[in-house]
Amino acid sequence: YIAPCLQALANYGGAPVTVGNCTTFTYASRTWTVVNGGAEESTSDAGSATQIPIYGNKCLDVRDAVDQDGTKLQIWTCYDKNTNQLWQVNGTGDISWSGHNKYAFLFSPFLGFYTNMRRIRCMDFTDGSWSDGTASLMTSVCSEWIQIWTCVSGNTNKLWNAIPPR
């Protein structure tokens with residue numbers, strides 16, 4: 001069993017973001033800051049759009065700004081107003097990409113027809129894998145990188161716990 005932590009595998013632009021054993025990597029590689037704060041835990045509130053930096057000057061970033069299920073996350077130098085780096089830490093436990101929430105022509109099972117619906121992407125475990133992603137940097141395997149995926153209520157692959165600084 002591992003105690004999973006979100007981690008950056010190195011301190012350079014383009015470094016993979018994976019989940020790994022909290023004791024495997026240094027404290028710096030798994031210490032993220034929610035700049036503008038998130039919503040209160042266990043509420044349905046959405047947090048403010050914010051960057052989530054690590055190592056002081058790198059931010060959680062959607063690789064190449066690709067708005068598609070399965071796009072992997074990386075760290076990149078933080079830039080103000082960079083939409084690849086804007087996130088909402090929601091009270092429901094998900095972290096959604098607020099920089100590219102777009103409307104799409106989708107089928108609504110509730111309405112029974114196609115309609116313009118807001119498509120929101122959440123930070124998600126690739127293939128639901130909670131395995132230690134520490135080997136990904138050496139092997140260049142992207143399968144254990146954290147990705148974005150369309151937010152779906154009840155999907156445990158997208159639920160995260162933020163631990164307040166002590």
Check your understanding: Out of curiosity, T150 OG1 to I120 CD1, how far, rounded to the nearest 0.5 Å?
Key -> 9.5 Å
**Study point:** Check: Q147/T71 side-chain N/O donor and acceptor closer than 3.5 Å
**Key:** no
Check your understanding: With a 4.5 Å heavy-atom cut-off, do T18 and L73 have their side chains touching?
Key -> no
**Study point:** Side chain to side chain, Q88 and I95, heavy atoms closer than 4.5 Å
**Key:** no
Review point. Would you say the side chain of L6 lies within less than 4.5 Å of the side chain of V17, judging by non-hydrogen atoms?
Key: yes
Check your understanding: Looking at T31 and I54, what are the two nearest heavy atoms and their distance?
Key -> O-CG1, 3.3 Å
Check your understanding: Quick one: does V62's side chain get under 4.5 Å of D67's, heavy atoms only?
Key -> no
Review point. What heavy-atom pair brings T33 and P53 nearest, and what distance separates the two atoms?
Key: O-CD, 2.8 Å
Review point. Side chains of F125 and T156: closer than 4.5 Å at any heavy-atom pair?
Key: no
Review point. For the atom pair CG (D69) and CD1 (I148), what is the distance rounded to the nearest 0.5 Å?
Key: 7.5 Å
Practice item. Look up atom OG in S98 and atom CG in L86, then write down how far apart they are to the nearest 0.5 Å. Key: 4.5 Å
Review point. Side chains of N84 and R63: closer than 4.5 Å at any heavy-atom pair?
Key: no
Check your understanding: Just wondering, do K58 and T77 contact through their side chains at under 4.5 Å, heavy atoms?
Key -> yes
Review point. Ion pair present between K158 and D94, side-chain N to carboxylate O less than 4.0 angstrom?
Key: yes
**Study point:** Side-chain touch Q85/W76, heavy atoms, less than 4.5 angstrom
**Key:** yes
Exercise for review: Starting from the C-alpha separation in whole Å, work towards a yes-or-no answer on side chain to side chain contact (heavy atoms under 4.5 Å, CB included) for L60 and Q74.
Suggested key: CA-CA 6 Å; L60 183 64; Q74 63 184 4; over 6 Å; no
Study note, to complete from the structure: Rounded to the nearest 0.5 angstrom, the CH2-SG distance for W87 and C122 is 9.0 Å
Study note, to complete from the structure: When rounded to the nearest 0.5 Å, the distance separating SG of C59 from CH2 of W32 is 9.0 Å
Exercise for review: Measure the CG-CH2 distance between N157 and W149 for me, rounded to the nearest 0.5 Å.
Suggested key: 10.0 Å
Practice item. Would you kindly say whether N90 and S96 are connected by a side-chain donor-acceptor distance under 3.5 Å? Key: yes
